[in-house]
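Okay, structure first, notes after.
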Amino acid sequence: MEFRIGTLSINGDIQRSYDKNGIKAYEIADDGTFSLDFKYIDTLKKAGEDSWHLIEDGDDVVNGIELSDDIDYGALILQTSLDGEKWVTINTTVNITDNKTFGKDQINNVQLSNGCYYRIIAAFEAEKRTKDYSWSFKEFYKTDDYSTKKIAQVYEFYASYKDIDTTPTGEKYYFYAGAKNASYTVGTKKNNYAGSQTITKDDPHYGWDLGYFCLSGYTDKGDSEDVYLKKVGNKVRLTFHLDQNINKLNGNSDLKIESDKNGSDEEFKAPAHNMKHGELIIRHTDSENVTEEVKYSDYLAALASPGADTAIQLFEEGDYEVHLDYAITDYDGWDSTTYYQTSFKFKIRNANCMVYIFDSKSGAELNNGDVTENGFRIDTAKSSYPKLQVKKEILNNTENGLVEDTRFNGAASDGETFTDEGIYTIKAFNRYDDKLEPAIKTIYVGSNNILTAYTKNLNSSKHYEISELNALVDKGYTISDDGDIIEPVVETTTADITTSSPEATSSKSDIVTTTTTMTETATSDAANSTTASVKKNESKSVLPIVGGGIGVVALGGIIATALRKKKK
């Protein structure tokens, strides 16, 4: 018979599986997590005496792991390790009788950003009757014989995001956990990590730091002190660098990080629970004021080793609050425990003011200067904090131009749709950095060919104002439905002109002549030439003039011929 009380499955956005040092490993999609589902099997619990069956186990320890109560009919344990050697118990469940899921409360980005080993142990006790004694006076004190086994089902695997790099890169800003930077170290806390008081020279935490947080990978700081700007492709991450041995703080073997079994965080409204050896809490609030928290109990014990950088999370836009709650016990003389909290806040915003425009019907992306009859939708993608402004202009026929529609000149929001006809100018400002130029896009909604041409050529060297486009139409230009400006077609004709002497009256010519009265003026014989002039207001020749000077040349030839003939 198979000794199992359940089966384990992993569910999530798994990109690939592979082997890591002989252990099954899984690559998880960035910013995703996974869950572990333990499906309970009751076969052993229902089995009879003569088969292997579950029995109550009165132990409360499994392989050195302390449980909250006796194992009873089975215990389920989840452990994690950042280095595969030092294991931290995340969750224990005793007397399991049903399915169990480990989700985001036990599996988080802190583990996956660094790469993490996971171990699930199902521990239980089973027995089987090997001999059945019948009752008799001779064997009054005899009992049945049983075989007993303590069994542990162990599942172990590794999981991480694709790119594991805990080294801070790019721009950096540090938040110290301890006494070094008073502006970010709130001070000592009592009871439920609420309120604050100054760390004085009599305090066990005086003069030394537990470690520091490092925010890295951002592009620049915003105009506000707590705003950090990122561009597309930046991976802003928070890492923690542990400087101390938690069992020998500041080199003193009497100072240790204490396991806080009943800690609570007042500001985050976290009720009393077992924080163990320090608890990290990160609260993220998005642009719609939706809040999510990640808690990591036993955080300081889970860190691989002093001196290592441990990535906490990859950050997108939003407001972040970070608390590290921990207790220190001084074992010198009277044991005394003091409670501390390092807390700080920061905001991540996109440095780019990107705004995307999509056709409200087809969903196709529209670029600056595009035209749509359907209307458009504004989409800021993951940039949730730009200040949007939309101005609408409509055609003013009386002034041959555009006039602003004052009903559409103001703030807009992500996802808003505009369908009324008009020319829209959409501006996206970065409200956290005045140095950045706004992103500007112009879209025409409608089918008027004049406005289509105006919009399409806004950013080109061929840009025309509305009045100029109307003037071109008056001159015979055509504007297509797509906004293309088409020049008018000019037809030209060419005439062949042939001149001949009066004797050749039968030859063909394009020139028609009539009788013309002329006055001859003779010059000296030395001049050896004649000049002809035409009197005004007398009968005129009808000359078709084609191509400018051709008619004048032809006329001159006729006059000269007439004079030579008379002189003879």
Side-chain angles (χ1 to χ4, degrees), residues 1-12 17 22-24 26 34-81 84-107 116-159 259 261 273-274 276 297-298:
M1 182 177 186
E2 189 175 20
F3 291 98
R4 290 181 180 273
I5 59 170
T7 58
L8 188 74
S9 61
I10 178 171
N11 299 305
S17 61
I23 297 175
K24 194 68 174 179
Y26 301 94
F34 63 90
S35 64
L36 295 173
D37 293 330
F38 185 82
K39 185 178 180 181
Y40 181 70
I41 299 174
D42 62 1
T43 305
L44 284 175
K45 193 171 186 179
K46 291 181 176 180
E49 288 284 304
D50 295 326
S51 301
W52 286 105
H53 59 277
L54 281 178
I55 61 173
E56 288 188 72
D57 189 336
D59 289 343
D60 59 1
V61 176
V62 175
N63 196 29
I65 304 168
E66 294 184 2
L67 305 177
S68 58
D69 206 337
D70 293 345
I71 295 172
D72 284 342
Y73 287 101
L76 200 59
I77 302 166
L78 170 65
Q79 291 185 304
T80 63
S81 173
E85 297 179 5
K86 184 172 61 177
W87 291 90
V88 174
T89 302
I90 302 299
N91 182 273
T92 62
T93 305
V94 296
N95 196 29
I96 55 175
T97 57
D98 205 347
N99 300 336
K100 174 71 175 179
T101 296
F102 299 104
K104 64 181 181 179
D105 289 337
Q106 296 87 25
I107 300 166
C116 186
Y117 294 88
Y118 295 85
R119 179 188 287 165
I120 296 87
I121 304 171
F124 56 94
E125 188 173 10
E127 71 174 13
K128 177 183 180 181
R129 185 167 59 184
T130 58
K131 187 174 183 180
D132 183 7
Y133 281 97
S134 299
W135 182 88
S136 68
F137 286 105
K138 289 183 181 180
E139 299 172 337
F140 182 79
Y141 296 105
K142 294 283 187 180
T143 59
D144 295 343
D145 286 344
Y146 289 89
S147 292
T148 304
K149 293 183 178 181
K150 284 185 174 290
I151 303 164
Q153 294 175 234
V154 180
Y155 304 86
E156 190 171 324
F157 64 94
Y158 176 88
S259 179
K261 296 181 179 180
H273 62 286
N274 190 359
K276 302 182 181 179
S297 301
D298 222 12

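Because the structure is a prediction, the values reported are computed rather than measured.
- For Tyr155, there are no ring-ring contact (aromatic ring centres under 6.0 Å, His included) partners, not counting sequence neighbours.
- Ile41 has its side chain within reach of Thr7: a pair of non-hydrogen atoms, C-beta onward, lies under 4.5 Å apart.
- Evaluation of the side-chain contact (heavy atoms from CB on, under 4.5 Å) rule for Thr148 yields Ile55, Glu125, Glu127 as partners, not counting sequence neighbours.
- Glu85 and Tyr117 are not linked by any side-chain donor-acceptor pair at a separation below 3.5 angstrom, with hydrogens and angles left out of the test.
- Side-chain contact between Phe157 and Ile120 is present, with at least one heavy-atom pair separated by less than 4.5 Å.
- The shortest non-hydrogen separation linking Gly103 to Ser35 is CA-CB, 4.4 Å.
- Under the 3.5 Å distance criterion, the side-chain polar atoms of Gln106 are left unmatched by any main-chain donor or acceptor of Ile90.
- Between the OH atom of Tyr158 and the OG atom of Ser17 there is a distance of 14.5 Å, given to the nearest 0.5 Å.
- Remark: Gln153 CD to Phe3 CZ distance equals 11.0 Å, nearest 0.5 Å.
- A donor-acceptor pair under 3.5 Å is absent between the side-chain atoms of Lys39 and the main chain of Ser9, judged by distance alone.
- Ile5 and Gly74 make their closest contact through CD1-CA, 4.4 Å (heavy atoms, listed as atom of the first residue, atom of the second, distance).
- Distance alone, capped at 3.5 Å, is enough to place a donor-acceptor pair between the Thr130 side chain and the Asp145 backbone.
- Under the rule for a ring-ring contact (aromatic ring centres under 6.0 Å, His included), Phe102 has no partner lying at least two apart in sequence or in another chain.
- Judged by distance alone, with hydrogens and angles left aside, the side-chain atoms of Asn274 form a donor-acceptor pair with the main-chain N or O of Lys276 at under 3.5 Å.
- For residues 56-66, the pairs satisfying side chain to side chain donor-acceptor pair (under 3.5 Å) are Asp57-Lys150, Asp59-Lys150, with sequence neighbours left out.
- Every side-chain contact (heavy atoms from CB on, under 4.5 Å) that Ala75 has, sequence neighbours left out, goes to Leu67, Ile71, Val94.
- Sorted by first then second residue, the side chain to side chain donor-acceptor pair (under 3.5 Å) pairs that include residues 96-105, not counting sequence neighbours, are Asp37-Thr101.
- Looking at Glu156, its side chain never comes within 3.5 Å of a backbone N or O of Ile23 through a donor-acceptor pair.
- To the nearest 0.5 Å, atoms CG (Asn95) and CZ (Phe124) are separated by 14.0 Å.
- Remark: Phe38 CZ to Leu76 CG distance equals 5.5 Å, nearest 0.5 Å.
- When every heavy atom of Cys116 is checked against every heavy atom of Thr80, the shortest pair comes out as SG-CB, 3.6 Å.
- The aromatic ring centres of Tyr26 and Tyr118 sit 6.0 Å or more apart.
- Atom CG of residue Asn91 and atom CG of residue Leu78 lie 6.5 Å apart, to the nearest 0.5 angstrom.
- Evaluated for a side chain to side chain contact (heavy atoms under 4.5 Å, CB included) with Ile121, the options Thr89, Ile77, Thr92 yield exactly one hit, Ile77.
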